[in-house]
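Comments concern the structure below.
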Amino acid sequence: LPDAPHQPMGYLGADLTAVGGDTPAYRVTKLFPGDGFDLAARSPLLTPGIDIKVGDHILAVSGHRVRVNQDLQQLLIGTAGQAITLTVNDRPSFDGAREVTVTPLSSEYQARYYDWVASRVRYIREQGGETLGYVHIPNMGMGGLGEFGKHYYPNLNRDGMIYDVRFNGGGFIDAM
């Protein structure tokens with residue numbers, strides 16, 4: 001088979017919903033903030049000075065108006081790591097819209113992973129109270145050891161700890 005050219009996809013680190021009407025747009029329904037330790041896994045829409053928040057609308061990508069019958073990701077093909085412009089507004093209208101420059105991520109995996117872990121921490125706090133800690137160990141490699149240390153030590157004062165190894169990818173660190 002011939003090799004297909006690879007086009008690096010760009011990602012905005014956000015959940016978006018198509019909004020029809022007179023001015024098609026994509027409404028920001030969720031932003032992925034990362035975890036504070038890994039700024040490369042934070043939504044580029046949260047870059048200081050961009051001022052995009054949940055509820056805002058994306059009207060155009062690099063001057064190309066969005067369409068609700070076209071996946072927004074199609075406009076982000078080949079944009080990973082490159083500065084692009086977004087036309088945004090707090091409502092689906094070009095009246096009063098502004099342009100911002102962002103650099104799309106090459107992957108949202110880590111941002112979405114950090115959001116999932118944060119949701120598990122919230123769940124444990126709601127269901128078990130402040131006396132329980134939670135640590136997810138994603139793998140038994142250096143990344144997993146880093147995640148363990150990041151969440152284990154702040155929870156040492158808890159009465160109990162939940163160690164979650166679901167989806168653990170394995171690795172080389174022993175059972176320490």
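Every value quoted in this text rests on a predicted model; they were computed, and no experiment measured them.
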inquiry  = Whether the H136 and Y113 side chains hold a donor-acceptor pair (N or O, under 3.5 Å, no angle test) is what I'd like checked.
reply    =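 Note: H136 and Y113 side chains meet the donor-acceptor criterion.
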message = Is it the case that the side chains of Y134 and N155 hold a donor-acceptor pair, with the cut-off being a distance below 3.5 Å and no angle test?
response =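 No, no side-chain donor-acceptor contact under 3.5 Å.
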When you group the ILVMFWY residues by side-chain heavy-atom contacts below 4.5 Å and let the links chain together, are [Y] and [X] in the same group?
| X | Y | answer |
| --- | --- | --- |
| V165 | M161 | yes |
| L45 | V88 | yes |
| V68 | F94 | no |
| I162 | Y153 | no |
| L46 | Y114 | no |

inquiry  = Evaluate I77 against M9 for side-chain contact (heavy atoms from CB on, under 4.5 Å), listing each step before the verdict.
reply    = CA-CA 5 Å; I77 293 172; M9 182 62 70; 3.5 Å; yes
For a 4.5 angstrom cut-off between non-hydrogen side-chain atoms, does [X] reach [Y]?
| X | Y | result |
| --- | --- | --- |
| L132 | R158 | no |
| T101 | I84 | no |
| T87 | V66 | no |
| N157 | E130 | no |
| L105 | Q110 | no |
| L86 | E99 | no |
| F32 | D15 | yes |
| L72 | Q70 | no |

message = For D115 and K30: C-alpha separation, side-chain torsions, deciding distance, then whether salt bridge (Lys or Arg N to Asp or Glu O under 4.0 Å) applies.
response = CA-CA 10 Å; D115 183 69; K30 184 171 188 163; 2.8 Å; yes
task = Quick one: do V117 and H151 satisfy side-chain contact (heavy atoms from CB on, under 4.5 Å)? Show the steps, please.
result = CA-CA 10 Å; V117 170; H151 297 283; 4.2 Å; yes
ask   = Quick one: does NZ or CZ of R112 land under 6.0 Å from the six-membered ring centre of Y11, within 45 degrees of the ring axis?
value =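 No, a cation-pi geometry is absent between R112 and Y11.
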message = Any side-chain to backbone donor/acceptor pair from Q82 onto G78? Under 3.5 Å, distance only.
response =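 Judged by distance alone, yes, a pair lies under 3.5 Å.
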message = Quick one, I137 with D164, criterion side-chain contact (heavy atoms from CB on, under 4.5 Å). Give me CA distance, side-chain angles, the key distance, then yes/no.
response = CA-CA 6 Å; I137 306 171; D164 187 350; over 6 Å; no
inquiry  = For the CD atom of Q74 and the NE2 atom of H64, what is their distance to the nearest 0.5 Å?
reply    =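 The distance works out to 10.5 Å.
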inquiry  = Apply salt bridge (Lys or Arg N to Asp or Glu O under 4.0 Å) to residues K150 and D35 and explain how you reach the verdict.
reply    = CA-CA 10 Å; K150 193 169 23 176; D35 75 342; 2.3 Å; yes
